[in-house]
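Residue numbers start from 1 in every chain, and the chains themselves are labelled A, B, ... in the order their sequence lines are given, proteins ahead of strands.
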Number of protein chains: 2
Amino acid sequence: MKQERLLIVDDDAELRDLLREYLGQAGFQVAAVADGREMQHALAASPFDLVILDIMLPGEDGLALCRRLRAASRIPILMLTARGDEIDRIVGLEMGADDYLAKPFNPRELLARVRSILRRANSLPENLAGEDVHRFRFAGWGLDTRTRQLLSPTGVVVDLSGAEYKILHVLAEHPNRVLSRDQLLEFTQGREATAYDRSIDVQIGRLRRKLDDDPREPRLIKTVRNEGYVLAAVVDKE
Amino acid sequence: MKQERLLIVDDDAELRDLLREYLGQAGFQVAAVADGREMQHALAASPFDLVILDIMLPGEDGLALCRRLRAASRIPILMLTARGDEIDRIVGLEMGADDYLAKPFNPRELLARVRSILRRANSLPENLAGEDVHRFRFAGWGLDTRTRQLLSPTGVVVDLSGAEYKILHVLAEHPNRVLSRDQLLEFTQGREATAYDRSIDVQIGRLRRKLDDDPREPRLIKTVRNEGYVLAAVVDKE
DNA sequence: CGCCGTTTGTAAATCCATGTAACAGGCGCG
DNA sequence: CGCGCCTGTTACATGGATTTACAAACGGCG
């Protein structure tokens, strides 16, 4: 198996060295640079399998770089953030990163995620790797992003309203991740919550009814008190 | 079987001698040094199988050393701390140590942990180390982190409330480690305990009922008086 | 061994986030 | 304009989580 190549982009020289060392030990070929410009040069000079990108960077910031990278190629991206709550922003902005990790992190955790991302990237059938995801499958249900339709396990088409579709889409894109009401609002309506905003709750309720999910014992969309909702299912992307 | 090599890093000469003696008796080849610099030299000079690292050290402190070690290699690390509450910091910061032990400790306890770490390190197939954990198995029970479900040994799905799930998840991530009520609150609710806070006790009670665990004679979640709760079981991560 | 202060277990009361029915716009469409 | 559909708002019901209160268990001590 060929040695996989990682590119680290972080302005903290010490962290760069640590990660280079650690990930190198783990069998990767690692390069590290300090900012966006150097990243561009490195990528232009030789191919990489994954980019580890800090959010806080001098010059152009990590989010912008991520967006640009994503626009230019499909290279997997792992974002590093200084504080946990910035993760909200990333998820909220739907940057297209493959994973996120809050600093300070355990290098092992990073290694685990790097491996996981690469495994996913490699296991994607070649022909699909370049395709857009057009269908999510979970627990027998199917969500088609082209027709915006929901298919029941029995094959019946269930119509979704626009808002319902958006919420389910976001949940399916981030399975097993708790999304706050704010994030869901941001995604689906692009607006802030007003005081005592219950619209997400209502939409979730409507979705559950269509998904046949008993709110007392939800199997699919679970409530996490004080936090939000999760799609608790294994989701396949086709 | 080859003799395994341990490196002790502690500034207390008496303790060093004690441990060298005791662990030597137990069949290990033991070296002991007093600070970080000497540790580097020792590691550079010859390979070790495990480092026992005190937190309080002259010069660079144990936490920093741990981070650096971890970045440079995958050598197993056992941290020693002067006071119990420092363990909170370590666990909280997820420094990447393999285990922790509060001073003063029973040498037998230390020996047991050293053996346990080495057993794990040797038996862990490298490829599994980086896998995503999505299910914990203990005593026939299964906790699926994707569906947030608990599976009984007989295969029945037991529904957990949000708080119950979080507590069991944390316990399963740190099996055989006593977690204080404060830690459990911090992990699961991200909040401090109020005076006379009993919420963890109540939740543990509910969990025990669902796990079929008699509080008088708990087999799974044991109470440690004045300290907290432990998941007393062998936990497999899948 | 029994006494007593402390800690834990837990039923019950309470609090408050969530579920949801019903209503009120809003918008597209004929 | 009226109609149908979608979405958000309101108001109330529900139930999960916490707090309270007390019983039981524990541990130290004479």
Side-chain angles (χ1 to χ4, degrees), chain A residues 148-150 158-171 178-230 232, chain B residues 148 150 158-171 178-182 184-230 232:
Chain A
R148 295 168 78 96
Q149 274 176 340
L150 181 62
V158 178
D159 280 310
L160 296 179
S161 75
E164 287 160 4
Y165 169 77
K166 282 186 183 176
I167 291 180
L168 188 53
H169 186 201
V170 172
L171 289 172
V178 179
L179 299 179
S180 68
R181 291 177 174 71
D182 283 347
Q183 287 177 323
L184 291 170
L185 263 182
E186 179 65 34
F187 270 133
T188 57
Q189 311 301 319
R191 66 180 181 88
E192 299 282 307
T194 62
Y196 304 104
D197 197 318
R198 309 296 311 285
S199 58
I200 291 296
D201 303 60
V202 174
Q203 295 292 7
I204 291 283
R206 290 173 181 151
L207 260 179
R208 278 180 175 150
R209 212 171 312 155
K210 293 192 177 178
L211 286 168
D212 225 350
D213 208 17
D214 176 0
R216 312 282 188 86
E217 304 217 334
R219 289 281 139 90
L220 292 173
I221 302 180
K222 304 217 177 185
T223 305
V224 181
R225 185 173 244 248
N226 286 314
E227 299 193 35
Y229 299 95
V230 212
Chain B
R148 302 183 141 232
L150 179 63
V158 179
D159 280 302
L160 297 178
S161 75
E164 287 160 4
Y165 169 77
K166 284 187 180 180
I167 290 180
L168 188 53
H169 187 200
V170 172
L171 289 172
V178 180
L179 298 179
S180 68
R181 292 175 175 73
D182 283 347
L184 290 171
L185 263 182
E186 179 63 34
F187 271 124
T188 58
Q189 308 300 319
R191 65 182 182 89
E192 300 281 308
T194 62
Y196 304 103
D197 197 318
R198 310 298 312 285
S199 58
I200 291 295
D201 303 61
V202 175
Q203 296 291 8
I204 291 283
R206 291 183 182 140
L207 262 179
R208 279 179 174 152
R209 215 170 308 156
K210 292 194 177 178
L211 286 168
D212 226 347
D213 209 16
D214 177 1
R216 313 281 189 85
E217 295 254 325
R219 304 196 165 221
L220 292 173
I221 302 180
K222 305 217 179 187
T223 305
V224 181
R225 184 169 242 252
N226 284 316
E227 299 194 35
Y229 299 94
V230 213

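- Rounded to an integer number of Å, the gap from A:Glu227 CD to D:dG16 C1' is 14 Å.
- Counting heavy atoms from C-beta outward, B:Lys210 and B:Leu160 have side chains that approach closer than 4.5 Å.
- Put simply, the side chain of B:Asp159 never gets that close to the backbone of A:Glu217: no donor and acceptor are under 3.5 Å apart.
- Put simply, CZ on B:Arg209 is 18 Å from P on C:dT8, counting in whole angstrom units.
- Within the 4.0 Å cut-off from OP1 or OP2 of C:dT8, not a single side-chain nitrogen or oxygen of B:Arg198 is found.
- Atom-to-atom, CD1 of B:Ile204 to P of D:dT18 comes out at 12 Å; the value is rounded to the nearest Å.
- Between the CZ atom of A:Arg191 and the C1' atom of D:dT9 there is a distance of 11 Å, given to the nearest Å.
- Residue B:Ser199 is in base contact, counting any heavy-atom pair closer than 4.0 Å across all strands shown.
- Within the 4.0 Å cut-off from OP1 or OP2 of C:dT8, at least one side-chain nitrogen or oxygen of B:Arg181 is found.
- Side-chain contact, A:Ser161 with A:Arg148: no donor N or O sits under 3.5 Å from an acceptor N or O.
- Within the 4.0 Å cut-off from OP1 or OP2 of D:dC5, not a single side-chain nitrogen or oxygen of A:Ser161 is found.
- Counted by atom type alone, A:Arg191 and A:Ser199 present one or more donor-acceptor pairs between their side chains at under 3.5 Å.
- Within 4.0 Å (heavy atoms only), A:Tyr165 reaches no atom of the nucleic acid at all.
- In this structure, the CG atom of A:Leu207 is 12 Å from the P atom of C:dG19, given to the nearest Å.
- Here the side chain of B:Val202 is nearest to one of C:dG9, D:dT20, C:dG19, namely D:dT20.
- Note on B:Thr194: every side-chain N or O is 4.0 Å or more away from OP1 and OP2 of D:dT18.
- Proximity of B:Leu211 to B:Leu150: side-chain heavy atoms (C-beta onward) are separated by under 4.5 Å at one or more points.
- Listed candidates were C:dT18, D:dT9, D:dT18. Nearest to the side chain of A:Asp197 is D:dT9.
- Separating the CD atom of A:Gln189 from the P atom of D:dT7 is a distance of 8 Å, rounded to the nearest angstrom.
- Look at B:Tyr229 and you'll find a side-chain N or O under 4.0 angstrom from OP1 or OP2 of C:dG9.
- An OP1 or OP2 oxygen of D:dA24 is reached within less than 4.0 angstrom by no side-chain nitrogen or oxygen of B:Arg216.
- Each of A:Leu220, A:Leu179, A:Val224 was checked for a side-chain contact (heavy atoms from CB on, under 4.5 Å) with A:Val230, and the lone residue meeting it is A:Val224.
- Contact annotation for A:Arg206: base contact, defined as any heavy-atom pair under 4.0 Å involving a base atom.
- Taking atom CD1 of residue A:Ile221 and atom P of nucleotide C:dT18, one finds them 15 Å apart after rounding to whole Å.
- Candidate nucleotides C:dG19, C:dA17, C:dG9 were compared by shortest atom distance to the side chain of A:Arg208, and C:dG19 ranks first.
- Straight-line distance from the CG atom of B:Leu160 to the P atom of D:dG16: 12 Å, rounded to whole Å.
- For the OP1/OP2 pair of D:dC6 and a distance below 4.0 Å, the side-chain nitrogens and oxygens of A:Gln203 include no atom meeting the criterion.
- Residue A:Arg225 places none of its side-chain N or O atoms closer than 4.0 Å to OP1 or OP2 of D:dG15.
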